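Below you'll find the structure, written out as structure tokens, and then a few comments.
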Amino acid sequence: MKKEDYIAYEILVKSFKDSNGDGWGDLRGIISKLDYIKDLGVNYIWLTPIYETPNFDNGYDIKDYFTLNNQVGNFSDFEELIEKSRNLDLNIMMDIVVNHTSTHHEWFLKALKGDKYYQDFYYFEENKNNKPPTNWKSKFGGSAWEFLPELNMWYLHLYDATQADLNWENENVVKEIYKIIDFWLNKGVSGLRFDVINVISKPPLPWKDDLEGDGRRFYTDGPKIHKYIKTMVKNTLLVEENLLSIAELSSTDITNVVEYTNPNNKEFVMAFNFHHLKVDYKNGDKWTLMTPDLNKFKNLIQVWQEKIQEGNGWLANFLSNHDQPRHVSRFGNDEKFHSESAKAFGMLYIFLRGTPFIYFGEEIGITNAYFDIEDYRDVESLNYFEIMLEKGISKEKVLEILKQKSRDNGRTLMAWDDSNNAGFTVGEKSWIKPSPGYKTINVANQIEDKNSILSFYKEIISLRKTKDVLSLGSIKFIESPDGIMIYKRILDDNQIIVIINMTDKIISIDESLIIGNIIINNYSDLSNNLKPFQAVAVEV
Ligand code: NOJ
């Protein structure tokens with residue numbers, strides 16, 4: 001398969017389908033839903049981490065890379081999943097987390113016992129002045145250093161204190177990582193998603209305080225990053241063609257993304273970036289309330305699409321994932337225009353140049369969680385809950401912020417039907433609640449309905465597969481009024497114009513843009529006065 005043909009579906013394993021009633025999603029649950037996934041039209045399934053883990057960060061804290069989390073299943077379930085997926089032409093993709101391990105990993109436990117060989121696997125620093133070695137901040141709040149009184153040392157964690165950063169300068173670490181990659185590729189997975197892979201290259205020691213920020217400028221796309229990646233590809237089975245390798249990139253830039261994904265460089269096939277989603281971060285701060293700035297959103301999508309195309313790079317396109325709120329609530333209108341806005345934003349990114357990544361549940365329009373504090377589970381949300389209270393923000397306000405910003409908004413249960421726990425489990429309990437609308441927003445309710453969000457997603461996915469221009473074509477943006485995005489996909493003599501009203505207002509566009517064969521429309525009629533969240537594609 002060519003990269004242009006990939007269409008991926010991300011599954012947060014613990015929230016998708018629980019087969020044994022323990023309240024936790026599992027591999028057998030996924031196996032039972034393979035026909036549903038196949039029917040959507042996708043061809044890649046990305047599984048969030050399924051390794052043994054203490055689960056402080058959703059499995060992104062790995063205790064053992066060669067053992068499965070027994071809540072999720074065993075190797076015989078895994079092999080069955082690979083085989084049954086393959087029979088349906090579905091590929092399985094794993095999450096590889098190698099910027100850090102859990103502090104429960106045996107390497108870290110040995111380091112804690114004073115073993116120098118394993119201390120060198122991480123960043124351990126002697127305590128000098130009873131303060132952290134640098135002022136760098138953890139991305140989950142607080143210092144990026146944790147003190148170990150028994151050793152009188154500090155260790156680095158760019159994420160949670162239970163996720164210690166690995167030292168990629170140490171060849172022994174790198175060798176272990178290559179073993180992990182080959183182990184999983186040999187098991188029959190066809191793709192790997194590399195978690196926060198652009199922060200693995202730290203600057204040469206000694207490290208300094210960051211007087212302008214939180215330290216990220218020192219290690220983001222760090223000094224040796226491209227060398228590390230090229231060497232990793234050459235020395236593992238990643239060197240084989242036909243594998244999907246994806247870089248997840250934190251705070252990156254266009255130049256680096258081109259370098260990571262231009263096929264001549266033999267690094268990654270594609271990359272995720274997050275700039276287009278940070279349009280509701282007031283002055284760069286996630287933990288504030290802000291209505292998304294749609295002009296900024298439109299501009300970022302355009303600039304990234306155009307520049308990545310110019311550099312012959314390739315993007316993984318998405319609007320929701322396990323770290324983000326649900327986009328129908330964030331960018332759309334999940335009350336008055338639930339169906340229209342879910343369809344419009346789905347089409348907006350699925351028709352872009354690049355590979356679409358559909359996040360489970362968006363195809364039925366699952367909304368944010370709108371939880372009370374006792375329902376949250378995410379480590380980042382719980383950390384920031386305390387941090388914001390300490391800053392003097394009232395509890396009501398903090399809860400309002402979490403309702404918009406928490407990662408748990410995207411982690412609620414898949415809604416299969418309107419029964420208890422949305423049909424996610426055969427048992428009584430689940431690790432998290434479903435989003436509140438599940439009584440009506442569920443698969444059973446939409447599967448037969450030709451006008452449902454689910455049916456619309458199947459239609460756009462099918463168009464993405466049958467119209468070569470949508471997968472292979474180049475992209476060109478067309479000037480449009482505020483609130484509207486218009487782009488053209490072009491392949492030889494074929495052209496498709498994609499027009500999206502991203503607002504709840506009626507907005508007029510140039511009449512000439514809608515002349516042609518309308519291949520899809522989320523309303524039953526069309527004029528140049530686009531209705532709220534109207535989305536159409538016209539073949540010209
Ligand atoms: C990015 C993952 O998507 C996120 O869920 C995780 O918390 C961090 N990386 C740390 O592994």
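We count ligands from 1, going down the list as the structure has it; atoms in each ligand are counted the same way. Sequential numbering from 1 along the given sequence is applied to the chain's residues. These numbers were taken from a predicted model, which means no experiment stands behind them.
For ligand 1, the atoms sitting less than 4.0 Å from at least one non-hydrogen atom of Val196 are 1 (C), 9 (N), numbered in the order shown with element in parentheses. Taking a cut-off of under 4.0 Å to the non-hydrogen atoms of Asp323, the atoms of ligand 1 that pass are 1 (C), 2 (C), 3 (O), 4 (C), 5 (O). Taking every heavy atom of Arg411 and a limit of under 4.0 angstrom, the matching atoms of ligand 1 come to 5 (O). Against a heavy-atom cut-off of under 4.0 Å, His322 is close to the following atoms of ligand 1: 2 (C), 3 (O), 4 (C), 5 (O). Near Arg407, the atoms of ligand 1 lying under 4.0 angstrom from a non-hydrogen atom of the residue are 4 (C), 5 (O), 6 (C), 7 (O).
In this structure, Gln324 does not count as a contact residue of ligand 1, since none of its heavy atoms falls inside 4.0 Å of the ligand. The closest approach between any non-hydrogen atom of His100 and ligand 1 is below 4.0 Å. In this structure, Glu380 falls outside the shell of residues with a heavy atom less than 4.0 angstrom from ligand 1. Ligand 1 does not have Asn58 within reach: every non-hydrogen atom of the residue lies 4.0 Å or more from it.
Proximity of Arg193 to ligand 1, defined as any heavy-atom pair under 4.0 Å, is confined to the side chain (atoms from C-beta onward). No part of His157 comes within 4.0 Å of ligand 1, judged by heavy-atom distances. Of all the heavy atoms of Phe274, none lies under 4.0 Å from any atom of ligand 1, so neither backbone nor side chain is involved.
Residue, atom and distance of the protein heavy atom nearest to atom 1 (C) of ligand 1 are Asp195 OD1, 2.9 Å. Atom 7 (O) of ligand 1 has as its closest protein heavy atom Asp57 OD2, 2.5 Å.
Cation-pi contact between Lys3 and Trp314: present, with separation from the ring centre below 6.0 Å and deviation from the ring axis of at most 45°. A cation-pi arrangement is present between Arg326 and Phe360 under the rule of less than 6.0 angstrom and at most 45 degrees off the ring axis. Annotation: cation-pi pair Lys187/Phe75 present, NZ/CZ under 6.0 Å from the ring centroid and within 45° of its normal. The side-chain tip of Lys391 does not point at the ring of Trp287 from less than 6.0 angstrom away and within 45° of straight on.
Checked against ring pair (Phe, Tyr, Trp, His ring centres under 6.0 Å), Phe424 has no partners two or more places apart in sequence or in another chain. Considering only residues two or more places apart in sequence or on other chains, Lys113 meets the side-chain contact (heavy atoms from CB on, under 4.5 Å) condition with none of them.
Among Asp378, Asp372, Ile373, the one residue that satisfies the side-chain contact (heavy atoms from CB on, under 4.5 Å) test with Tyr376 is Ile373. For the side-chain contact (heavy atoms from CB on, under 4.5 Å) test with Tyr123, the passing option among His157, Lys202, Met153 is Lys202; the others fail.
No donor-acceptor pair under 3.5 Å is formed between the side chain of Glu380 and the backbone N or O of Phe140.
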